[in-house]
Undergrad: 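Input: one structure, supplied below.
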Protein chains: 2
Amino acid sequence: MQRSEARQGPVEQRLARTADPALADRRRRQIMDAAIACFRRRGFHQATMQEICAEAGISAGALYRYFSSKAEIIGAIAEDRRGEGDVAFLRAAEKHGFIEAMCFAAQNFVQKFADGDGPLIADIMGEVLRDDAIAKVLRLSDIRSIAIFAAAVRAAQDRGEIDATLEPETAANTLFAIVEGIGLRRAFQGETDAEAAIAQFRVVAERYLNPRVRS
Amino acid sequence: MQRSEARQGPVEQRLARTADPALADRRRRQIMDAAIACFRRRGFHQATMQEICAEAGISAGALYRYFSSKAEIIGAIAEDRRGEGDVAFLRAAEKHGFIEAMCFAAQNFVQKFADGDGPLIADIMGEVLRDDAIAKVLRLSDIRSIAIFAAAVRAAQDRGEIDATLEPETAANTLFAIVEGIGLRRAFQGETDAEAAIAQFRVVAERYLNPRVRS
DNA sequence: ACCTGAACACCGTTCAAGT
DNA sequence: ACCTGAACACCGTTCAAGT
């Protein structure tokens, strides 16, 4: 977080050329794990770089060899967690229908709020919305996820399971928006009942996706 | 943002007992306006208290007489803007149907992202999700809004305009979640086409609310 | 090549001193 | 009662110096 510059340059910011890529990977993981622990304990903004360094057992200078800012750490964490849900969704989509799999994915997402990760997700959202560099990275993960879900929409349409007139990409995007909106709102309201959240989502999803008998 | 305390105490934090309430109101407005200008220009986290003070033409000490923290300023701004949309919605709900009014409200919300206020809204969301004191205040505004929209849902159900089996409070909550989810996602994606956002919302809202011919 | 940790540059908030 | 502004306490980031 450069204090007084516009920070507009290319996202190139490749960090220290490292001789041993394995070490670099190890260090990044080590730092991310330490950061997760600290963020869980005290939240993104309360947690201190010094704390993260202590938890990771390295110095501040060393940390900045592998991450160019505090924001980049949470960005890396977010990117890392993305896609985990995608594979789970794909598996579920094969076994049960699309809607069931979608509810499962929603469950997956909202559940994290109910567990300890609520504030962390919130912090990630906040940081993503305010940091262009992070946003740029996460948009790539997002595009990949959307593509996966859109493909599943197409398959479900072919099976006659959901409305065939929906544009797959738009449908996937909309479903994501609904899940995130519900998760966000419940976090805001301090609700932690994941069951109720899924029930709420299921009604919207079913009505949105169901093949119509009349428009 | 006390630096090293848990900040759990009651939200009492009544500020400086002031002799002249009119002066207090004037000062708060003056500070909020200055803050809006600064936040627009540089974003919540980039904007400095000193800048806000300069813009408002007062000293730091004076500012803290009327707001106990930087976060509280953005909270006050958010609360202030809330409800503006509510009255507009109510007027629209009388003239046109509920769904039209709802789309109008969504338009209202998403439009702000397209205008200069996108980052500001994002910052508010982020701050709300991370600051309990702010969240507590905004939850009150939220409850009021939900009540208004739930009443409109009930009226529309009585007119047979939308599905009567929906629980009004839940429906209002869900619609809010969808609007916010779509707004958030589009902000994240850097989309600024408000028209497309409304079209996206309209499809979901119509299918969610339409009276069913079959379940 | 990789690391350390003191130093730097900031910034939100407070408080003694003014009027 | 209301205000000023220098001082305080912190914190993210850097960089000269080590191995």
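Quick note: numbers below take in every heavy atom, side chains included, and nothing from hydrogens, waters or symmetry partners. Just so we're on the same page: letters track the sequence lines, and every chain starts at 1.
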Undergrad: Rounded to whole angstroms, how far apart are CD on Glu72(B) and P on dG12(C)?
TA: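 So the two atoms are 15 Å apart, to the nearest Å.
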Undergrad: Tell me the interatomic distance from His45(B), atom NE2, to dC11(D), atom P, rounded to whole angstroms.
TA: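 Interatomic distance, NE2 of His45(B) to P of dC11(D): 15 Å.
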Undergrad: In chain order, what residues pass the salt bridge (Lys or Arg N to Asp or Glu O under 4.0 Å) check against Asp86(B), with sequence neighbours excluded?
TA: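 Partners of Asp86(B) by the salt bridge (Lys or Arg N to Asp or Glu O under 4.0 Å) criterion come out as none, since no residue qualifies.
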Undergrad: Name the pairs: protein N/O against N/O of nucleotides 3-6 of chain D, kept only if under 3.5 Å.
TA:
| from | atom 1 | to | atom 2 | distance (Å) |
| --- | --- | --- | --- | --- |
| dC3(D) | OP1 | Arg27(B) | NE | 2.5 |
| dC3(D) | OP1 | Arg27(B) | NH2 | 2.3 |
| dC3(D) | OP2 | Tyr66(B) | OH | 2.6 |
| dT4(D) | OP2 | Ser59(B) | N | 2.8 |
| dT4(D) | OP2 | Ser59(B) | OG | 2.8 |
| dG5(D) | O6 | Gly61(B) | N | 3.0 |

Undergrad: Starting from Watson-Crick (N1-N3 plus N6-O4 or O6-N4) and G-U wobble pairs under 3.5 Å, report the runs of at least three that DNA chain D belongs to.
TA: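 Stem segments, range with range: C:4-8 with D:12-16, C:12-16 with D:4-8.
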Undergrad: Sorted by first residue and then second, give each ring pair (Phe, Tyr, Trp, His ring centres under 6.0 Å) pair with at least one member in residues 107-127 of chain A; sequence neighbours left out.
TA: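 Checked against ring pair (Phe, Tyr, Trp, His ring centres under 6.0 Å) - neighbours excluded - the pairs reaching residues 107-127 of chain A are Phe109(A)-Phe113(A).
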Undergrad: Considering only side-chain heavy atoms of Tyr64(B), which listed nucleotide, dC2(C), dT14(D), dG12(C), is closest?
TA: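 Nearest to the side chain of Tyr64(B) among the choices is dG12(C).
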Undergrad: Rounding to an integer number of Å, can you tell me how far Phe67(A) CZ sits from dG12(D) P?
TA: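 Answer to the nearest Å: 16 Å.
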Undergrad: Can you list everything that forms a salt bridge (Lys or Arg N to Asp or Glu O under 4.0 Å) with Arg26(A)? Sequence neighbours excluded, please.
TA: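 Salt bridge (Lys or Arg N to Asp or Glu O under 4.0 Å) list for Arg26(A), sorted by chain: empty.
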Undergrad: Identify, with sequence neighbours excluded, every residue that meets ring-ring contact (aromatic ring centres under 6.0 Å, His included) alongside Phe188(B).
TA: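 Not a single residue meets the ring-ring contact (aromatic ring centres under 6.0 Å, His included) criterion with Phe188(B).
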Undergrad: Specify the separation, in whole Å, of atom CD1 of Ile74(A) and atom C1' of dG12(D).
TA: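 Interatomic distance, CD1 of Ile74(A) to C1' of dG12(D): 15 Å.
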Undergrad: With sequence neighbours excluded, what pairs up with Glu195(A) under the salt bridge (Lys or Arg N to Asp or Glu O under 4.0 Å) test?
TA: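 Checked Glu195(A) against salt bridge (Lys or Arg N to Asp or Glu O under 4.0 Å); zero matches.
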Undergrad: Of all residues at least two apart in sequence or in a different chain, which pass the salt bridge (Lys or Arg N to Asp or Glu O under 4.0 Å) check with Asp33(B)?
TA: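 Once residues adjacent in sequence are excluded, the partners of Asp33(B) under the salt bridge (Lys or Arg N to Asp or Glu O under 4.0 Å) criterion are Arg29(B).
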Undergrad: Sorted by first residue and then second, give each salt bridge (charged side-chain N to carboxylate O under 4.0 Å, His left out) pair with at least one member in residues 196-206 of chain A; sequence neighbours left out.
TA: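 As it turns out, the salt bridge (charged side-chain N to carboxylate O under 4.0 Å, His left out) pairs with a partner in residues 196-206 of chain A, which skip direct neighbours, are Glu100(A)-Arg202(A).
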Undergrad: Rounded to the Å, how far apart are Lys70(A) NZ and dC10(D) P?
TA: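 Answer to the nearest Å: 15 Å.
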Undergrad: Could you check whether Ala47(B) gets within reach of a base, just the sugar-phosphate, or nothing at all, counting any heavy atom under 4.0 Å?
TA: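 Sugar-phosphate contact only.
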Undergrad: Under a 3.5 Å threshold, yes or no: a donor from one side chain and an acceptor from the other, between Gln30(B) and Arg27(B)?
TA: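 Distance-only check passes for Gln30(B) and Arg27(B).
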Undergrad: Rounded to whole Å, how long is the line connecting atom CE of Met49(A) with atom P of dC10(D)?
TA: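 Result: 18 Å.
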Undergrad: Gln200(A) and Asn173(B): side-chain donor and acceptor closer than 3.5 Å?
TA: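 No.
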Undergrad: Distance check needed: dG12(D) C1' versus Gln46(A) CD, whole Å only.
TA: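 Between C1' of dG12(D) and CD of Gln46(A): 14 Å.
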